[in-house]
Protein chains: 2
Amino acid sequence: MSGERSGAGDPAKTLRLLWREPGAAPRRGPRQTLSIDAVVDAGTAVADAEGLAAVSMRRLATDLGVSTMTMYTYVPGKAELVDAMLDAAYARMPRPDTTGRPWRERLTAVADANRALCRTHPWVAGVHTARPTLGPGAMARYEYELSALDGLGLSDVEMDDALTYLTGFVYGCARAEADARAAATDSAMNDEQWWAANAPLLAKVFDAEAYPLAARVGTAAGTAHGAAYDADHAYTFGLARVLDGLAALVER
Amino acid sequence: MSGERSGAGDPAKTLRLLWREPGAAPRRGPRQTLSIDAVVDAGTAVADAEGLAAVSMRRLATDLGVSTMTMYTYVPGKAELVDAMLDAAYARMPRPDTTGRPWRERLTAVADANRALCRTHPWVAGVHTARPTLGPGAMARYEYELSALDGLGLSDVEMDDALTYLTGFVYGCARAEADARAAATDSAMNDEQWWAANAPLLAKVFDAEAYPLAARVGTAAGTAHGAAYDADHAYTFGLARVLDGLAALVER
DNA sequence: ATTAACTCTGTACGCCGTACAGTATAACGA
DNA sequence: TCGTTATACTGTACGGCGTACAGAGTTAAT
């Protein structure tokens, strides 16, 4: 499949891993030399530095000094490992108390916290979360974020809608930013260099008179952002729109 | 890397492919038995039916009745093939004239057209487009979509911002929807079945009193949407917010 | 007739996740 | 104390991926 997905493993095995349920039987064989946390942390370290695509069972095993198949004694498989990495990242998010602050400020804090998460762990933005991680970190995060929408007169369903909409925007931005960085790394060209390589070639085939708006606006946007994707600008612009959009719901 | 990326191939080769620039030299060897379009169409057919992950050089070669390496005489590589598939999809988007209509209606049409694209070709939503496809289809699409924002008193840069914001929302929704479908296919469980498998296990470890909002809102949202991700609802809710957000910019 | 350009193909390399079988280890019941 | 047995760990192997490379066959220009 394209990209990684959360909640893709066996439900029972995944929940046992996420909540660290101890194996029922007393442990009879040799002691484990590593721990689940060591594996999860190793995965996170590789993903942070080189992207989730670099996280392979072979790679983590090498980093941890064990053989590849040993990984499977700590974690049922790659799918469950990704869930564990994700839940651990959620668990580490700061959750400052913003009770009593204006709703825009509280929602901005939620948005910023998620953006910060995606900046320290760019791979988080790329995980497909249709089937959410149901671990303790995810629960704590959901509870905290809903609290920012509590007491605004929204129905329960509207609270969930609004949160989905807000985080959807933040992760969309974060994904674009992570994507831009990954493209630069993989191609060994920054945006400016890439455009410099493409512009002269495109000029030979593109008819600016046939597409006047595209030519004019494309040039203006490229010049304004230095031909590079400006993640901060997109986030600032978008978040203002998102809050204005929610205002129509909250202050109705 | 996780997932497919556009604009990841060699710039010169990619642009030659997208604009179908004829090879300079007269053709000396045997005639080709297939065509670029046949390869692009075969890739699109597989991606539509089974997802972009199912599109491999070996698979397309088999479908087209040639050997794997023959693919490379039509297309420089997988990266360039994805660009060609994407540009062809853009080129096929309908572009009805909405000149003179209210701006909300015009932008809704743009949003709906992109949503329709992502429904006939769910893989489109999953392509990372930090480095855009610079083919004729992409250019025609950009021109058309900008025209919906022309004459509203926005600066060129604001037009690009607004379009980025709008399409960002649409593709975010589309990605969630495609993701939900892919998860259901891959896991052989629909959302309801997946939740039914997880709920009893989660109930054993989740403390509803520690996370009262999460428990209450999660239940309400799950009940309202039949425990399934409701893509139409998210889109309708979100698009209203997006347009309200842009109204603050347009009608200022 | 020769040569150069081109199409097509088979093999091979290094990645991936992981199934499976085998061996070493440590705690339990006797 | 001595099996017995659950467990930890490892090596090999399979089928997938993109694609580099070398070679064989085909056609048009010289």
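Here is how names work: the chains are called A, B, and so on, in the same order as the sequence lines, proteins then strands, and each is numbered from 1. Owing to the predicted nature of the structure, the values given are computational and were not obtained by experimental measurement.
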Worksheet item: What's the CG-C1' distance between B/Leu81 and D/dC17, to the nearest Å?
Response: 15 Å
Practice prompt. Taking atom types as modelled, find out whether B/Ser67 and B/Thr70 have a side-chain donor-acceptor pair closer than 3.5 angstrom.
Written response: yes
Worksheet item: Roughly, in whole Å, what's the span from CG in B/Leu34 to C1' in C/dT9?
Response: 14 Å
Discussion item. Distance check needed: C/dC16 C1' versus A/Glu4 CD, whole Å only.
Written reply: 11 Å
Discussion item. Between P on C/dA12 and CE on B/Met57, what's the gap in Å once rounded to a whole number?
Written reply: 21 Å
Worksheet entry | Check: D/dT19 base within 3.5 Å donor-acceptor of B/Arg58 side chain | yes
Worksheet item: Any sub-3.5 Å donor-acceptor pair from B/Tyr165's side-chain atoms to A/Ala234's backbone N or O?
Response: no
Discussion item. Would you say B/Tyr74 places a side-chain N or O within less than 4.0 Å of OP1 or OP2 belonging to C/dC8?
Written reply: yes
Discussion item. Please report the distance, rounded to the nearest Å, between CE in B/Met71 and C1' in C/dG10.
Written reply: 17 Å
Worksheet entry | Whole-Å gap separating C1' (D/dT27) and CD (B/Gln32) | 13 Å
Worksheet item: With respect to the phosphate group of C/dC8, does any side-chain polar atom (N or O) of B/Thr33 fall under 4.0 Å of OP1 or OP2?
Response: yes
Discussion item. Side chain of A/Arg28 only, heavy atoms from C-beta on: which candidate in D/dA29, C/dC8, D/dT4 is closest?
Written reply: D/dT4
Worksheet item: Does OP1 or OP2 of C/dC8 have a side-chain N or O of B/Thr73 closer than 4.0 Å?
Response: yes
Discussion item. For B/Thr70 and B/Pro30, find the nucleotide of DNA chain C closest to each by heavy atoms; which residue's nucleotide sits nearer the 5' end?
Written reply: B/Pro30
Item to complete: Could you check whether B/Val55 gets within reach of a base, just the sugar-phosphate, or nothing at all, counting any heavy atom under 4.0 Å?
Response: sugar-phosphate
Item to complete: Would you please test B/Glu50 and B/Arg59 for side chain to side chain contact (heavy atoms under 4.5 Å, CB included) and show each step?
Response: CA-CA 12 Å; B/Glu50 301 168 44; B/Arg59 166 63 185 276; 2.8 Å; yes
Discussion item. At 4.0 Å (heavy atoms only), tell me whether A/Ser56 reaches a base, stays on the sugar-phosphate, or touches nothing.
Written reply: sugar-phosphate
Worksheet item: Nearest nucleotide by nearest heavy atom, which residue falls closer to the 5' end of DNA chain D, B/Pro76 or B/Arg31?
Response: B/Pro76
Worksheet item: Judged by modelled atom types alone, do B/Tyr235 and B/Asp112 share a side-chain donor-acceptor pair under 3.5 Å?
Response: yes
Worksheet, complete the sentence: Atom CG of A/Leu64 and atom P of D/dT10 are separated, to the nearest Å, by 11 Å
Discussion item. Looking only at side-chain N and O atoms, does B/Tyr142 offer a donor or acceptor that is under 3.5 Å from a partner on B/Asp160?
Written reply: yes
Worksheet item: Can you check the B/Met69 CE to D/dG23 P distance for me, whole Å?
Response: 15 Å
Worksheet item: Is A/Thr68 touching bases, backbone alone, or none of the nucleic acid, heavy atoms closer than 4.0 Å?
Response: base
